[in-house]
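Since we're looking at a predicted model, the values are computed, not measured. Numbered from 1 within each chain, the chains take letters A, B, ... in sequence-line order. These numbers come from the heavy atoms of this one structure, side chains and all, not from hydrogens, waters or symmetry mates.
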4 protein chains.
Amino acid sequence: MPRTEEQFKEMRNKTSRSILNSALKLFAEKGFHGTSISDIAKEAEISKGLIYNYFNSKNSILESIFDELLRIGEEIEKDTFADDDPYEQLQRMIKRSFKYVEEDPTYWKLIVNLMLQPEILKQTKIVFNNFNDRVMKEMVGIFRKIGIQNAPLEARILGGMIDGVFLHYLFDMEGYPLERVKKMMLKKYSRDNLEELKNQK
Amino acid sequence: MPRTEEQFKEMRNKTSRSILNSALKLFAEKGFHGTSISDIAKEAEISKGLIYNYFNSKNSILESIFDELLRIGEEIEKDTFADDDPYEQLQRMIKRSFKYVEEDPTYWKLIVNLMLQPEILKQTKIVFNNFNDRVMKEMVGIFRKIGIQNAPLEARILGGMIDGVFLHYLFDMEGYPLERVKKMMLKKYSRDNLEELKNQK
Amino acid sequence: MPRTEEQFKEMRNKTSRSILNSALKLFAEKGFHGTSISDIAKEAEISKGLIYNYFNSKNSILESIFDELLRIGEEIEKDTFADDDPYEQLQRMIKRSFKYVEEDPTYWKLIVNLMLQPEILKQTKIVFNNFNDRVMKEMVGIFRKIGIQNAPLEARILGGMIDGVFLHYLFDMEGYPLERVKKMMLKKYSRDNLEELKNQK
Amino acid sequence: MPRTEEQFKEMRNKTSRSILNSALKLFAEKGFHGTSISDIAKEAEISKGLIYNYFNSKNSILESIFDELLRIGEEIEKDTFADDDPYEQLQRMIKRSFKYVEEDPTYWKLIVNLMLQPEILKQTKIVFNNFNDRVMKEMVGIFRKIGIQNAPLEARILGGMIDGVFLHYLFDMEGYPLERVKKMMLKKYSRDNLEELKNQK
DNA sequence: CATGAATGAGGTTTCATTCAT
DNA sequence: GATGAATGAAACCTCATTCAT
């Protein structure tokens with residue numbers, strides 16, 4: 001689903017950016033069906049009609065956002081799993097994940113929303129499950145290099161832990177001790193602790 | 001001759017259950033705003049109009065479901081934290097959580113949906129955050145009894161892990177190795193492993 | 001529109017009376033379209049279904065009430081214009097009209113309602129205008145016998161005066177000095193005053 | 001190029017007027033509950049949806065009309081009771097009332113409809129009874145200045161007479177001799193006749 | 001005779017989309 | 001590019017009427 005050059009230029013246009021940002025925020029907050037074109041227009045401070053100069057439909061706004069989400073995800077992935085010693089990779093992956101959520105919880109929120117209601121956008125499930133699988137495989141690779149038994153399950157658990165912590169954070173952004181949990185997780189997956197983990201049968 | 005009181009009650013019960021079940025399923029799958037009264041009627045195999053014989057509005061259907069969710073949650077909680085040795089409690093809590101999601105993923109799905117779009121039902125955030133806090137406190141208590149350092153953060157991590165695993169499970173119910181992940185988690189939080197955890201600084 | 005014997009018996013049946021009374025009250029108060037079958041059933045303290053054992057439709061309830069209204073009107077008319085000296089007739093007509101409205105403002109209210117919204121019941125306009133015309137003619141006859149000039153217009157004015165006073169009374173039943181207005185009108189149309197009226201050019 | 005502010009304003013004015021006029025007519029003719037939004041749209045020759053671009057609800061259309069009614073009523077009142085000799089005032093009041101009903105029977109019809117079914121619009125009763133009271137007081141003042149005994153009752157009777165005549169006129173607009181009745185009333189309340197009235201005990 | 005559950009047409013309202021300017 | 005009025009389908013909801021018991 002790569003966009004044409006044309007479309008990409010549009011994406012950089014101020015108005016269409018504003019539409020996308022507004023839509024992203026509202027879709028994440030109130031859901032796709034709970035957000036009207038009017039809402040988006042109001043949030044972006046433009047007229048309803050103008051939206052249709054940039055997008056064919058409400059659905060296609062979502063598709064554009066989705067594509068963007070994907071690009072971002074891929075960048076992070078590339079960035080994270082650049083070759084390295086596996087201990088370092090793990091630390092970096094955790095740090096990046098937290099950074100990503102802290103900086104833009106909205107993105108993450110929208111993704112979970114879409115995953116939970118896959119009828120909205122057919123591509124969602126396939127594309128994101130593919131993405132997850134890829135990430136899982138890389139994590140498995142890391143755990144294997146480190147020499148941890150049961151690498152696939154450990155990957156599932158780490159993956160779950162990260163996303164679960166984020167979920168709880170989204171549920172209560174003011175009350176959640178995100179920073180301290182991050183530190184704790186980094187320690188849990190530090191070189192020293194992993195060495196011990198290896199020795200557990 | 002009119003039906004007896006009994007007969008009427010039973011009819012009402014049956015239809016009302018059918019509506020609630022259909023709505024639960026659809027709300028969980030397609031979201032509240034993505035589900036129409038027509039959808040619910042079709043799923044329950046009744047006429048649209050009849051729904052309003054039982055509920056005042058689409059919203060009040062959701063409220064009824066919400067109340068039910070709450071009752072279930074409280075039962076599980078009571079059941080789980082009956083006094084016991086803390087190791088056992090932890091194991092039981094994990095087992096129960098998995099059982100709960102395995103048996104009715106729909107409930108859990110709806111809850112996450114609601115938590116992510118709290119505008120839909122005002123009560124959601126307060127009520128569920130209260131519930132979470134209570135559970136967290138109980139988990140902290142358990143970790144403390146066991147003698148684990150940093151009990152609050154460990155509770156956050158365990159809580160996140162559980163919900164994150166469930167989230168991933170919901171994203172891909174066929175492909176996810178739920179059973180094996182459960183075993184793994186039970187082992188991670190077994191008496192032996194926790195004793196070691198205590199010895200980590 | 002005379003009813004069959006059968007129907008008349010039904011009318012005397014307790015349940016159908018109760019339905020008619022409830023409907024009359026509600027139609028008068030909230031209008032035909034503003035009153036639901038449920039409302040009527042509640043007011044009559046019976047089930048919705050039972051209404052259809054006695055009447056074919058909501059419309060036919062109104063028709064029955066209408067017929068009754070008509071019968072009552074005719075009785076009053078007969079009673080009022082029994083031959084007599086015209087001065088006495090006039091006094092009696094005024095008295096009876098007031099008595100009628102005081103005793104059952106509801107009837108009168110419903111009639112005005114129906115006359116203002118003749119689409120509801122096709123017969124209304126024709127039937128009541130006929131009725132009015134008849135009454136007018138009798139009043140004209142009376143005024144003529146008395147020897148009043150411009151009898152038709154005087155009849156219009158007296159007729160208007162009576163109905164207008166009733167209208168105002170219905171608008172504010174507690175605040176309206178109905179009794180005193182009645183006395184005043186009786187005096188205005190007393191033998192002495194009418195004699196003077198005759199002498200006005 | 002977007003339309004100018006001016007153009008939009010004019011469009012809105014035109015459509016809004018059209019909706020209000022259509023609604024007024026239909027509410028008066030068929031009652032509030034007897035008129036559907038579809039009816040109004042058809043009468044105004046626009047789509048159903050557009051109505052909600054101008055009014056929040058069917059009820060708020062009625063409220064707008066009601067406000068207008070009130071403004072008109074107040075203008076007439078002010079206009080009528082400008083200071084003057086009382087005989088002249090009386091004549092003017094009667095003339096204005098007739099003019100008002102002749103020119104727009106619809107307004108008057110709607111008011112009576114609303115007064116008879118006050119559940120539809122809470123304000124109706126209070127507001128119009130206040131209005132009536134004010135008019136009554138002014139009429140009483142006039143009668144007093146003229147020196148008529150029992151001014152309050154005479155005011156009730158004149159008020160009733162006017163509204164009753166209008167009521168009958170509305171019941172049968174083609175057949176009613178409105179013009180002649182008006183003349184008659186003006187004569188009845190002419191200086192000469194009132195002088196005689198004063199002499200009646 | 002009596003009940004109230006159930007239906008379906010139609011009413012009110014919302015909203016994605018189109019269009020004239 | 002930009003506006004917001006206008007449309008029409010579809011959403012939510014009400015209610016007269018039917019029906020099994």
Cut-off 3.5 Å, side chains only: do C:S36 and C:D39 have a donor facing an acceptor? yes
C:F66/C:I111 under side-chain contact (heavy atoms from CB on, under 4.5 Å): CA gap, chis, key distance, verdict: CA-CA 8 Å; C:F66 186 83; C:I111 293 171; over 6 Å; no
Residue matched to F:dA20 through Watson-Crick or wobble contacts both under 3.5 angstrom: E:dT3
Which nucleotide, in any strand shown, forms a Watson-Crick or G-U wobble pair with F:dA10, with both distances under 3.5 Å? E:dT13
For the backbone of C:K14 and the side chain of C:S18, can you confirm whether one donor and one acceptor N or O come within less than 3.5 Å of each other? no
For B:N53 and B:R12: C-alpha separation, side-chain torsions, deciding distance, then whether side-chain contact (heavy atoms from CB on, under 4.5 Å) applies. CA-CA 9 Å; B:N53 221 320; B:R12 283 192 76 77; 4.2 Å; yes
Residue-level proximity of residues 46-62 of chain D to DNA chain F when a heavy atom falls under 4.0 Å: D:I46, D:S47, D:K48, D:G49, D:L50, D:N53, D:Y54
Please check if the number of heavy atoms outside A:K25 that lie under 6.0 Å from its NZ is greater than 12. no
Taking the side chain as every heavy atom from C-beta outward, state whether D:S60 and D:S64 have any pair of such atoms under 4.5 Å apart. no
Rounded to whole angstroms, how far apart are CD on A:E45 and P on F:dG4? 13 Å
Quiz item: B:R3 side-chain donor-acceptor pair to F:dA20 base, under 3.5 Å: yes
Which one of C:N113, C:L26, C:I65, C:L62 satisfies the side chain to side chain contact (heavy atoms under 4.5 Å, CB included) criterion with C:F32? C:L62
Decide yes or no on side-chain hydrogen bond (donor to acceptor under 3.5 Å, both in side chains) for B:R17 and B:N13, but give the supporting numbers first. CA-CA 6 Å; B:R17 268 265 54 90; B:N13 254 324; over 6 Å; no
Specify the residues of residues 8-42 of chain D, ordered by number, for which at least one heavy atom lies under 4.0 angstrom from an atom of DNA chain F. D:F8, D:M11, D:R12, D:T15
